[in-house]
Asks: 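Sharing a structure here in structure tokens format.
All values below were derived from every heavy atom in this structure, side-chain atoms included, with hydrogens, water molecules and symmetry-related copies excluded. All residue numbers refer to positions in the sequence shown, counting from 1.
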Amino acid sequence: MNSLHVAYAAIGALSVLLALFSNRIRELPLSGPLFSLLLGVALGPYALDLFPLSTETRDSLLLEGTRVLLAASVMTAALRFPVTSIRGLLPQFALLLCVVMPLAAVVTGTAALMLGLPVALAALVGACLCPTDPVLAASVVTGEPAERNLPARVRQLLTGESGANDGLALLLVGTAVAAVLPLTGPGDAVGRLLLEVVGGVALGTVLGAAAGKAMEAATRRRELEEGPSLVFTLLIAVTALGAARLIGVGGVLAVFVTGLAYNWTVRRGERGPQENIDEAVNRYLALPVFVLLGTVLPWDEWIGFGLAAPAFVLAVLLLRRPPLVMAFTRPLGLRPRGAAFTGWFGPMGVSALFYAAHSAHEGVHDPRLFAAVSLAVTASVVAHGVTSSPFRRLYARSPDQG
């Protein structure tokens, strides 16, 4: 039996079922990523064992699969984001990206020490897990239930933060990678990483503005057919990702900035249908990644961590983000319940897997890195998937909204 064909059939069947019951699933304490993760476990070596993968193949698939998925996801986040109001939210985003995210890395890295990791490797785990994942965050803040139950400010903060911090986390991850590897140093890496970030922002700004102007011109001249117009932003995302990789700048960040610049340039009516297509692609493109994760979960390494594993999970879920966001309730312009919701729903997912695979590609081959990151991601998929729908309804019933 061809294992790849088994994966095609299983993932396809799951996607069909999730699509047919998409509205109902948004109201259930379950999520598409959680279903996909469970399917992967069923296909994996501790159940049916239908999809064997070597460590090298796993890392390669995760690196490129998560890179493409992140590109699609941050493009979707950029299109959802109301760029006309971005100026009023700049202080809040600066706080989330420049204060909360680094502190989350420190807290998570400290928690990783409980697993017996060296300090440098624990810092790398913290850096990989510090960004809010745009794929899992989108499942919380998009759709009719989210628009009905959550205030716009909470959705805007989670959308903008999860789109931007996946690219900016490269600075923290790259510095931590340099600390782990014996032949490099953090000081040597910082300059190169800053150039990658600045270059990604510059590339995204130019490419997004140019694409927006081109879209307006083609629409005005009636040269663009309806079908191609629906996938235009996905094509831009692929272009930005490829161009960024060719010139050696941050690809995910470049795609997000491309989306923001495009969003700023074109009129709302011209990008509304594109948002729906991008959201659908983002929602279902994530399923194979979580199936893959389920098949390669390192159960033996998790057992090897002993009782430190559940302690690490609890520390990451409860301390990595909620207390930090609650501490900045007033500067973020939120009420206590809004800060509690925003703090809890900073999930870890595709971005963390991407940075773990990126670190392996850079030369960090300690299996404890993937074991720790995948443990936290799995816990996040379960915890945030189960609580997203009930917490949205609880939020809506609360008199303290905001």
Asks: Gly363 and Leu181: which non-hydrogen atoms are nearest, and at how many Å?
Replies: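 Scanning both residues completely, I find the closest heavy atoms to be O-CD2, 3.4 Å.
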Asks: With rounding to the nearest 0.5 angstrom, report the CG to OG distance, Asp133 to Ser73.
Replies: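 Output value for this atom pair is 6.5 Å.
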Asks: Can you give me the closest heavy-atom contact between Thr265 and Gly212, atom names plus distance?
Replies: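 Here Thr265 and Gly212 meet closest at CG2-C, 3.7 Å.
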Asks: Do the side chains of Glu161 and Arg321 get close enough for a salt bridge, i.e. N-O under 4.0 angstrom?
Replies: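 The answer is yes: the pair qualifies as a salt bridge.
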Asks: Which heavy atom of Leu293 sits nearest to which heavy atom of Ser374, and what is that distance?
Replies: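 Looking at all heavy atoms of both residues, the closest pair is CD1-CB, 4.2 Å.
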Asks: Mind running side-chain contact (heavy atoms from CB on, under 4.5 Å) on Val296 and Phe370 for me, showing each step along the way?
Replies: CA-CA 10 Å; Val296 298; Phe370 180 73; 4.0 Å; yes
Asks: Pick out which of Val316, Thr108, Leu136, Val373 makes a side-chain contact (heavy atoms from CB on, under 4.5 Å) with Met348.
Replies: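 Result for side-chain contact (heavy atoms from CB on, under 4.5 Å) with Met348: Val316.
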Asks: Parallel, tilted or perpendicular: which fits the ring planes of Tyr46 and Trp299, with parallel below 30° and perpendicular above 60°?
Replies: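 Ring orientation, 0 to 90° scale: perpendicular.
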Asks: Is there a side-chain contact between Leu62 and Phe354, using heavy atoms and a 4.5 Å cut-off?
Replies: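 Side chain of Leu62 against side chain of Phe354, heavy atoms only: no contact under 4.5 Å found.
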Asks: Looking only at non-hydrogen atoms, find the nearest pair between Pro102 and Cys98 and report the distance.
Replies: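 Smallest interatomic distance, heavy atoms only, reads CG-O, 3.4 Å.
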Asks: Mind running side-chain contact (heavy atoms from CB on, under 4.5 Å) on Phe290 and Phe35 for me, showing each step along the way?
Replies: CA-CA 9 Å; Phe290 286 103; Phe35 278 118; over 6 Å; no
Asks: Where the side chain of Trp302 meets the backbone of Ala371, is there a donor-acceptor pair that is under 3.5 Å apart?
Replies: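 A pair under 3.5 Å: yes.
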Asks: Over all heavy atoms of both residues, which pair between Ala352 and Leu129 is shortest? Give the atoms and the distance, please.
Replies: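 Residues Ala352 and Leu129, closest heavy atoms: CB-CD2, 3.7 Å.
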Asks: Do you know the tightest heavy-atom contact between Ala237 and Ala71?
Replies: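 Closest approach of Ala237 to Ala71, heavy atoms only: CB-O, 4.2 Å.
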Asks: Within the side chain of Asp166, is there an N or O that forms a donor-acceptor pair under 3.5 Å with the backbone of Ser351?
Replies: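 No: the side chain of Asp166 does not pair with the backbone of Ser351.
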Asks: Please check this pair: side chain of Arg245 against backbone of Gly250, looking for a donor-acceptor N/O pair closer than 3.5 Å.
Replies: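 No; zero donor-acceptor contacts below 3.5 Å.
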Asks: Could you pull out all residues at least two apart from Leu324 that satisfy side chain to side chain contact (heavy atoms under 4.5 Å, CB included)?
Replies: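 For Leu324 the side chain to side chain contact (heavy atoms under 4.5 Å, CB included) partners, ignoring immediate neighbours, are Val100, Leu103, Ala104.
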Asks: Could you walk me through whether Leu253 and Val201 pass the side-chain contact (heavy atoms from CB on, under 4.5 Å) check?
Replies: CA-CA 7 Å; Leu253 181 60; Val201 171; 3.9 Å; yes
Asks: Given salt bridge (Lys or Arg N to Asp or Glu O under 4.0 Å), test Arg220 with Glu216 step by step and report yes or no.
Replies: CA-CA 6 Å; Arg220 187 168 54 250; Glu216 287 198 325; 5.2 Å; no
Asks: So, taking the atom named CZ in Arg368 and the one named CG in Leu117, what distance separates them when rounded to the nearest 0.5 Å?
Replies: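 So the CZ of Arg368 and the CG of Leu117 are separated by 5.5 Å.
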Asks: Only one of Asn165, Thr342, Leu332 forms a side-chain contact (heavy atoms from CB on, under 4.5 Å) with Leu96, so which one is it?
Replies: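 Going through the options one by one, the only one that passes is Leu332.
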Asks: Will you find, in the side chains of His384 and Ser380, an N or O donor that is under 3.5 Å from an N or O acceptor?
Replies: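 Short answer, yes.
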Asks: Nearest 0.5 Å, what's the SG-OH distance between Cys128 and Tyr355?
Replies: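 The distance works out to 9.0 Å.
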Asks: With the side chain counted from C-beta on, respond yes when Val119 and Leu113 share a heavy-atom pair under 4.5 Å apart, and no when they do not.
Replies: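 Counting from C-beta outward, Val119 and Leu113 do come under 4.5 Å.
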Asks: Rounded to the nearest 0.5 Å, how far does CG of Leu150 lie from CZ of Phe391?
Replies: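 The CG atom of Leu150 is 12.5 Å from CZ of Phe391, to the nearest 0.5 Å.
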Asks: Might you confirm whether atom CG of Leu307 has over 12 heavy atoms from other residues, nucleotides or ligands at distances under 6.0 Å?
Replies: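 No, because the 6.0 Å sphere around CG of Leu307 holds 12 heavy atoms or fewer from other groups.
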Asks: How about Met75 and Phe256: do any of their side-chain heavy atoms sit closer than 4.5 Å?
Replies: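 No, their side chains stay 4.5 Å or more apart.
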Asks: If you measure from CG on Leu369 to OG on Ser359, what distance do you get to the nearest 0.5 Å?
Replies: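 Between atom CG of Leu369 and atom OG of Ser359 there are 5.5 Å.
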Asks: Are Gln92 and Phe328 close enough, and set up right, to give a side-chain contact (heavy atoms from CB on, under 4.5 Å), and what steps lead you there?
Replies: CA-CA 9 Å; Gln92 288 75 28; Phe328 296 109; over 6 Å; no
Asks: Between atom CG of Leu168 and atom CG of Leu97, what is the distance when rounded to the nearest 0.5 Å?
Replies: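 Between Leu168 CG and Leu97 CG, I get 5.5 Å after rounding to 0.5 Å.
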Asks: Looking at Thr57, is its backbone amide N or carbonyl O close enough to the side chain of Ser60 to form a donor-acceptor pair, meaning the two atoms are under 3.5 Å apart?
Replies: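 Not confirmed, Ser60 side chain does not pair with Thr57 backbone.
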Asks: Taking Leu63's backbone N and O only, do any of them form a donor-acceptor pair with Thr66's side chain (distance below 3.5 Å, no angle check)?
Replies: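 At least one qualifying donor-acceptor pair exists.
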Asks: Are any non-hydrogen side-chain atoms of Val381 and Val377 less than 4.5 angstrom apart?
Replies: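 When only atoms from C-beta onward are counted, Val377 and Val381 do touch, with a gap below 4.5 Å.
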Asks: Do Leu79 and Tyr262 have side-chain heavy atoms sitting under 4.5 Å apart?
Replies: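 Yes, close enough: below the 4.5 Å cut-off.
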Asks: In the structure I gave you, are the side-chain heavy atoms of His358 and Val173 within less than 4.5 Å of one another anywhere?
Replies: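 Sidechains of Val173 and His358: in contact.
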Asks: Using ring-ring contact (aromatic ring centres under 6.0 Å, His included) as the criterion, list what pairs up with Phe341, not counting sequence neighbours.
Replies: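 Expected list: Phe345, Tyr395.
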Asks: Quick one: does Arg320's side chain have a donor or acceptor within less than 3.5 Å of a partner on Gly346's backbone?
Replies: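 Indeed, once roles are kept as given, a pair shorter than 3.5 Å links the two residues.
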